[in-house]
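Reading through the structure tokens given below for one structure.
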Amino acid sequence: MPLRCIDESGADIFAFDLSPEKWKTLKSRNRGDDLLKMPCCGAGVTLRRSRRGTQHFVHKVIRSCTSAPETEDHLRMKQIAVEVARRYGWTVGTEVRGCTPDGEEWIADVLARKNNAAVAIEIQWSPQTPEETSRRQERYRQSGVRCLWLFRHKGFPVAEALPAIQVTAQADGYSTSLSENKMPLHVFLDAAFDGRFRFGLPANGRAVVQIRAGEIDCWRRECGATTKIVTGIDVRFGSQTYSWRVSDLDDASDILSSVIEHLPTDRRLGKLKKRYSKTLQQEYLSNGCYRCDSLIGQHFEFGVWYSDEVVSSFPVIISGDWKKMIEQQYEPEWAVYAASEISE
């Protein structure tokens with residue numbers, strides 16, 4: 001069920017570019033003149049619509065053509081990819097053939113070109129081993145083509161050399177999954193062609209920090225004051241959220257200074273500072289009671305998690321301690337960023 005055929009002059013015709021009226025006219029012309037050919041093998045073409053109304057071309061006679069059949073989902077996602085790439089000024093084709101310098105052939109579901117750049121989009125709807133994925137990706141690399149993979153199944157490698165995302169078919173279209181975030185396929189591809197789908201931390205990227213806090217009664221009977229404590233710090237950017245406890249900031253002076261600077265003015269909020277713990281027999285960064293300044297340990301923070309709330313939010317540049325903390329705690333992965341989060 002290809003989306004593309006060629007006319008008598010060799011020019012590409014894409015099924016989704018034609019209105020129903022033009023499709024009907026072309027079908028009538030082709031029936032009489034047999035002017036359309038399949039780009040894969042030169043066979044004659046028949047114009048059809050699927051049960052879901054998708055216009056496409058089929059071989060009039062298959063003969064020896066080795067092109068594999070495609071699902072309806074495959075066709076519709078290729079159309080979405082072509083439409084998005086065109087909006088960003090790329091020249092786009094489907095079922096495009098090429099080969100490596102050593103002569104190994106490949107066929108790209110979608111191939112977009114602009115100036116000296118070439119990007120393939122592969123829609124992998126059937127299961128594929130990581131080894132086969134890596135082999136096919138290397139074939140594109142040797143050909144000077146970057147490749148983005150749209151996988152139906154989980155289990156694909158997470159690596160900088162393999163831009164990839166999972167896609168799920170839904171009643172109203174296609175959704176992509178990236179960490180805990182979901183977005184329509186066309187929104188994701190828009191980010192990819194806009195340069196906002198990136199691996200790891202963008203250099204000097206911009207993020208938003210949120211400080212969470214909640215209330216707890218001081219454990220000292222002679223005090224018993226209801227005090228507020230910081231329960232955690234979240235760093236949000238792209239499709240990622242990185243979270244830390246207060247004690248995680250013990251050796252991150254830049255982060256600690258920023259957090260303290262942006263704490264809200266609230267007399268019932270205890271101070272963040274190092275205090276000595278008799279239980280641990282050591283000093284560490286902790287919350288304290290606003291009234292008596294007694295150390296409020298980490299286990300008290302856990303108990304407030306279900307009732308805490310964001311009390312402060314501020315922007316930061318991901319550099320210095322911020323970058324170090326993230327890289328130490330989390331494995332790099334692919335993420336979609338907002339334009340405002342990326343510094344060029």
Note: Glu327-Lys323 ion pair, threshold 4.0 Å (strictly below): yes
Linking Ile, Leu, Val, Met, Phe, Trp and Tyr through side-chain heavy atoms less than 4.5 Å apart, which residues share a cluster with [X]?
X	answer
Val304	Ile216, Trp219, Ile229, Ile296, Phe300
Ile6	none
Leu280	Tyr284, Leu295

Can you name the residues that form a salt bridge (Lys or Arg N to Asp or Glu O under 4.0 Å) with [X], not counting sequence neighbours?
X	value
Lys27	none
Asp217	none
Lys114	none
Asp254	none

I'd like to check the ring-ring contact (aromatic ring centres under 6.0 Å, His included) partners of [X]; sequence neighbours left out, ordered by chain and number.
X	result
Phe188	Phe197
Tyr337	Phe237
Phe151	Trp149, Phe156
Phe302	Trp305

Tell me if the [atom1] atom of [X] is crowded by more than 12 foreign heavy atoms within 6.0 Å.
X	atom1	result
Arg86	CZ	yes
Glu331	CD	no
Gln281	CD	no

From CA spacing to verdict: salt bridge (Lys or Arg N to Asp or Glu O under 4.0 Å), Glu283, Arg275: CA-CA 5 Å; Glu283 192 178 58; Arg275 297 175 177 84; over 6 Å; no
Parallel, tilted or perpendicular: ring planes of Tyr140 versus Trp106, cut at 30 and 60 degrees: tilted
Over all atoms of both residues, closest heavy-atom pair of Gln142 and Pro101: O-CD, 3.2 Å
With Val45, the side chain to side chain contact (heavy atoms under 4.5 Å, CB included) member among Val58, Leu35, Leu36: Leu36
Full working for salt bridge (Lys or Arg N to Asp or Glu O under 4.0 Å) between Glu309 and Lys228: CA-CA 11 Å; Glu309 61 181 3; Lys228 289 185 177 180; 5.4 Å; no
Arg212 NZ/CZ over Tyr306 ring centroid, <6.0 Å and within 45° of normal: no
ring-ring contact (aromatic ring centres under 6.0 Å, His included) partners of residues 72-102, not counting sequence neighbours, each pair once: Trp90-Phe193
Path from Val246 to Trp244 over hydrophobic side-chain contacts below 4.5 Å: yes
